[in-house]
Amino acid sequence: MAKKKAEGYLSAKEARRITKENRRITNEFEKKRKRKNVPESEYLTTMRDPQNAVEFDNLHTYFFTDAGTVKSVDGVTFEVPIGKTVGVVGESGCGKSVTSLSLMQLLQRPQGQIVEGEIRLNMGDKAYDVTKMPNDKLQELRGNYVSMIFQEPMTALNPVFRIGDQVSEVIALHNGEGKSKEDIKARSIELLKMVGIANSEGVYQMFPHELSGGMRQRVMIAMALACSPRIIIADEPTTALDVTIQAQVLDLLRNLKDKINSSIMFITHDLGVIAEMADYVVVMYAGRIVEKGLAEEIFAHPAHPYTIGLMASKPVVGKQVDKLYAIPGKVPNPINMPNYCYFKDRCEMCVAQCGGDYPHEISLSATHKVSCYRYYDREGGK
């Protein structure tokens with residue numbers, strides 16, 4: 001009797017076929033991305049609401065791997081209003097960072113590609129669809145309009161260059177026209193001072209390994225804010241920091257956002273940080289948005305079973321429990337997603353229809369939306 005092959009096993013022939021097909025698909029995307037002298041009309045678009053800084057519309061970002069296609073972001077739609085903070089929350093691997101990297105076009109290529117959807121960026125007098133922009137034009141947007149504070153400052157900073165050189169490089173590259181070396185140095189020191197580094201001239205001369213985690217994170221924030229961007233993407237900027245430094249960094253971000261009137265897309269899996277920072281909350285699970293709304297709505301009336309589970313799993317001050325709640329089960333395999341609700345196999349609130357197609361979005365209020373069969377009766381049983 002033949003032995004049964006392990007789940008996920010690929011024969012050499014099948015692996016070669018997948019690799020060849022992936023190369024064909026990614027080459028087509030790369031060819032479009034590398035074109036020169038692309039007319040602006042190709043990526044000009046119109047904002048659905050001019051009060052939004054950025055609009056994600058039905059975004060699909062896939063990774064074409066040798067084991068199959070991973071649908072990291074699978075039809076994500078939400079907005080970041082001008083001057084507001086939007087918190088994107090969910091467990092590791094749900095597609096939060098890939099969504100932000102799609103906006104910055106910093107995906108690991110050629111495997112990672114945006115295959116469908118739009119990302120509309122408000123430039124003030126016009127709007128660009130980032131998904132259609134060629135590489136050379138994207139370079140002009142990064143830093144000037146959209147900036148990112150990366151998750152781990154020690155890996156984001158170059159260990160062999162001094163702090164001052166790295167901050168100055170950002171200014172010289174994106175905003176250095178007509179500035180002398182002395183002007184750029186003075187601006188770098190001013191930025192380091194602005195993010196709460198007391199000995200800014202001393203830190204300017206130091207290497208990353210000479211600074212603490214909190215100081216390195218402040219340097220990363222200074223680099224992100226160097227050109228006063230319209231949108232700041234903060235990708236778990238406080239994960240590696242202790243609680244007191246975390247509070248300082250959050251205060252700093254809040255104050256600087258108001259000072260330069262920018263919007264923040266705050267990515268985290270810490271609900272406490274979201275409650276403190278965000279005006280709007282987007283809850284992601286397995287590459288899709290399961291719930292979104294105003295922060296007060298999400299925290300006061302969580303609707304999706306996954307959001308309810310997240311809320312129940314966080315400790316509450318003054319409330320004594322024997323054991324914190326943990327959501328049972330595990331996330332489905334991203335290469336072979338089910339054709340029903342992705343959370344169904346972990347859900348403890350299932351209803352009869354849950355075995356059907358993936359649930360569409362239901363509006364609980366003008367701002368609060370959820371994708372769950374439990375609320376289908378709000379639409380008259382649709």
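- Looking at heavy atoms from C-beta onward, Q111 lies out of side-chain contact with T26 at the 4.5 angstrom threshold.
- The closest side-chain donor-acceptor pair between E291 and H368 falls under 3.5 angstrom.
- Test S188, S200, P208 against I163 for side-chain contact (heavy atoms from CB on, under 4.5 Å) and you get one pass: P208.
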Could you walk me through whether R35 and E42 pass the salt bridge (charged side-chain N to carboxylate O under 4.0 Å, His left out) check?
-> CA-CA 12 Å; R35 287 177 303 155; E42 269 199 35; 3.1 Å; yes
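- Between the side chains of R218 and Q248, a donor-acceptor pair is found at a separation under 3.5 Å.
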Step by step, would you call Y62 with E116 a side chain to side chain donor-acceptor pair (under 3.5 Å)?
-> CA-CA 9 Å; Y62 296 171; E116 195 185 331; 5.5 Å; no
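- Checked against the 6.0 Å centroid threshold, Y376 and H360 count as a close aromatic pair.
- Inter-residue side-chain proximity for L271 and M311 is flagged as met; some heavy-atom pair is nearer than 4.5 Å.
- Looking at S365 and E297, their side chains do bring a donor and an acceptor atom within 3.5 Å of each other.
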Show every donor-acceptor pair shorter than 3.5 Å between a side-chain atom in residues 48-57 and any protein atom, with sequence neighbours excluded, or say none if there are none.
from, atom 1, to, atom 2, distance (Å)
R48, NH2, D57, OD2, 2.9
D49, OD1, Q51, N, 2.9
N52, ND2, E55, OE2, 2.9
E55, OE1, R48, N, 2.9
E55, OE1, R120, NE, 2.7
E55, OE1, R120, NH2, 3.2
E55, OE2, R48, N, 3.2
E55, OE2, D49, N, 2.9
D57, OD2, R120, NH1, 3.2
D57, OD2, R120, NH2, 3.3

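- Counted by atom type alone, Y342 and D74 present one or more donor-acceptor pairs between their side chains at under 3.5 Å.
- Between the side chains of Y204 and S168, at least one donor N or O sits under 3.5 Å from an acceptor N or O.
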Determine, stepwise, if the pair R17 / E14 fulfils salt bridge (charged side-chain N to carboxylate O under 4.0 Å, His left out).
-> CA-CA 5 Å; R17 185 193 67 76; E14 181 68 7; 3.0 Å; yes
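- Using a 4.5 Å heavy-atom cutoff, the side chains of F64 and R24 are not in contact.
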